[in-house]
Amino acid sequence: MSEDLWTPHALSDPELAIPERGAAGSVTLVIPTFNEAGNIAELLGRLADALPAHLPCEVLFVDDSTDDTPAVIEKAALDLPFPVAVLHRESADGGLGGAVVEGVKRADTDWIVVMDADLQHPPHLVPELVGEGERTGADLVVASRYLPGGSRAGLAGNYRIAVSRGATWLTKGLFPRALRGISDPMSGFFAVRRAVFTADALKPLGYKILLELAVRCRPAEVAEVPFVFQDRHSGESKSGLREGMRFLAHLAALRSAAPLARMIGFGLIGLSGFVPNLFALWLLTHAGMHYLPAEIAANQAGVLWNFALIEGLLFRDRRRHRHWADRVGRFALLANADLLLRIPLIALFVARFGMQVLPATALALVTTFVLRFAATEALVYLPRKTRTARTTRS
Ligand code: GDD
Ligand code: MN
């Protein structure tokens with residue numbers, strides 16, 4: 001990825017107070033932008049009005065725009081009382097979430113405030129978020145639309161409001177402990193102490209960077225401040241159906257980070273594979289195929305279904321180590337070996353250990369399931385040993 005961290009001339013102006021790095025209460029505003037040229041002047045103007053002179057503050061835009069947003073920022077930044085920088089990324093890795101993580105990696109102030117560029121997040125709340133954190137000792141202060149005094153005024157239409165509420169309930173239900181004290185885990189407006197933000201642990205997918213932070217970094221103390229989600233100042237939202245799908249995949253990835261949870265997910269996906277398996281069997285036998293070859297072919301339909309879900313939901317971040325054809329081949333081999341292994345295993349349990357057929361079959365099912373899960377992790381999704389050893393040595 002080629003990047004280019006640009007700082008306007010204003011920064012080298014000796015007249016301008018540049019905040020002392022790491023000074024108490026110092027703040028970096030990380031603002032992700034994707035084609036927001038129409039919002040920059042208004043945003044920076046309102047920030048200049050809102051930020052008290054004693055608050056050491058700098059603004060870092062992380063930009064993936066294809067329009068002239070960086071040039072607009074450069075122009076608007078010249079007469080501001082705080083430093084402004086733009087990190088323009090050539091490839092928008094990780095989208096909005098990836099942009100925020102890039103910004104966080106570069107910040108070395110006490111606090112980081114993440115906010116949108118479209119003025120849906122009121123700039124006058126920035127000092128309040130940090131102030132609330134300083135006052136209460138909280139590590140994370142979330143601007144919430146669900147507290148008394150907050151609202152979703154700017155969320156266009158009943159449909160979006162319903163989707164947003166449903167997503168919030170689902171998320172809170174999946175992560176009751178990590179999200180305790182956070183009424184609005186979907187908020188994109190929050191202040192967090194730099195020390196909490198272990199950027200290396202973050203693998204955000206799309207928009208929900210606060211969720212990622214709360215689940216992976218587990219800030220000890222959380223506070224909230226109500227806010228009214230405003231209408232977009234200019235331009236249009238970049239979130240849509242695709243973002244919704246990424247959100248579900250993100251939830252699955254976060255929820256299945258622990259090995260036991262991943263094994264349960266693996267089992268549930270395996271069970272769901274019966275549906276395409278039986279459907280394919282029905283199709284093939286109705287088309288006149290003998291049931292034995294049809295069984296074998298139909299099993300492959302289940303295998304492909306399982307593979308697609310396991311790739312998309314469970315091992316999303318571990319796919320890079322092998323080519324997809326390699327992964328699908330290994331996966332299918334293991335899944336079919338599972339069937340072959342089951343019969344001799346049942347025979348062993350019955351003949352050698354004197355078990356009844358039903359418990360022997362159940363035990364064989366569980367055994368091959370656990371074996372297959374372990375083998376899939378180790379043989380399909382684990383980084384290749386020889387390769388990593390070589391690269392770390394060099
Ligand atoms: N760098 C970068 N790269 N910035 C991006 C990208 C990207 O790929 N996609 C969007 N952004 C920037 C936008 O320019 C804007 O400043 C901010 O991220 C939010 O994008 P919007 O497209 O305006 O999002 P939204 O209004 O639909 O969603 C906002 O509200 C949601 C709550 O309803 C975001 O704050 C979400 O995080 C939040 O959940
Ligand atoms: Mn927006």
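Everything quoted here is computed from the prediction, not taken from an experiment. Whatever order the structure lists them in is the order used to number ligands and atoms, beginning at 1. Positions are given from 1 along the sequence.
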Which ligand 1 atoms does [X] reach within 4.0 Å, using its non-hydrogen atoms?
X	value
R232	21 (P), 22 (O), 23 (O)
M186	32 (C), 38 (C), 39 (O)
D64	1 (N), 2 (C), 3 (N), 7 (C), 8 (O)
S239	22 (O), 27 (O)
E36	13 (C), 14 (O), 15 (C), 16 (O)
T33	1 (N), 2 (C), 4 (N), 14 (O)
H121	35 (O)

Query raised in the report: Do you know which two heavy atoms are closest between V84 and L80, and how far apart they sit?
Result: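 For V84 versus L80, the nearest heavy atoms are CG2-CD1, 3.8 Å.
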Query raised in the report: What residues form a ring pair (Phe, Tyr, Trp, His ring centres under 6.0 Å) with Y381, not counting sequence neighbours?
Result: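 For Y381 the ring pair (Phe, Tyr, Trp, His ring centres under 6.0 Å) partners, ignoring immediate neighbours, are F315.
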Could you tell me whether [X] and ligand 1 have an N or O pair separated by under 3.5 Å?
X	result
Q120	yes
R89	no
A92	no
K238	yes
A99	no

Under a 4.0 Å heavy-atom limit, does [X] contact ligand 1 with its side chain, its backbone, both, or neither?
X	result
V62	backbone
R145	side chain
K208	side chain
E243	neither

**Report entry** Aromatic plane relationship, F189 with H121 - under 30° parallel, 30 to 60° tilted, over 60° perpendicular
**Finding:**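 If you compare the ring of H121 with that of F189, the planes turn out parallel.
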For [Y], does its backbone N or O pair with a side-chain atom of [X] as donor and acceptor, under 3.5 Å?
X	Y	value
R218	V196	no
R330	L379	yes
R194	F197	yes
E224	S183	yes
E212	G97	no

Requested in this report: Output the distance between atom CD1 (I112) and atom CZ (F190), rounded to the nearest 0.5 Å.
Outcome: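 Going from CD1 on I112 over to CZ on F190, the span is 9.0 Å.
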Query raised in the report: Could you state the interatomic distance from NZ (K208) to CE (M186), rounded to the nearest 0.5 Å?
Result: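 These two atoms lie 6.0 Å from each other.
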Query raised in the report: Going by distance alone, is a donor N or O of one side chain under 3.5 Å from an acceptor N or O of the other, for Q230 and D118?
Result: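 No, no side-chain donor-acceptor contact under 3.5 Å.
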Requested in this report: Taking atom types as modelled, find out whether N35 and T66 have a side-chain donor-acceptor pair closer than 3.5 angstrom.
Outcome: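 The criterion, which ignores hydrogens and geometry beyond distance, is satisfied for T66 and N35.
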Query raised in the report: Of all N/O/S atoms in D118, which lies nearest to the Mn ion (ligand 2)?
Result: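 Going by distance to the Mn ion (ligand 2), the closest N, O or S atom in D118 is OD2.
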Query raised in the report: For ligand 1, is there an atom lying under 4.0 Å from some heavy atom of F229?
Result: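 Yes, F229 has a heavy atom closer than 4.0 Å to ligand 1.
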Query raised in the report: Closer than 4.0 angstrom: is that true for some heavy atom of E236 and an atom of ligand 1?
Result: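 E236: no contact with ligand 1 (<4.0 Å).
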Query raised in the report: Closer than 2.8 Å to the Mn ion (ligand 2), do we get an N, O or S atom from Q120, backbone or side chain?
Result: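 True for Q120.
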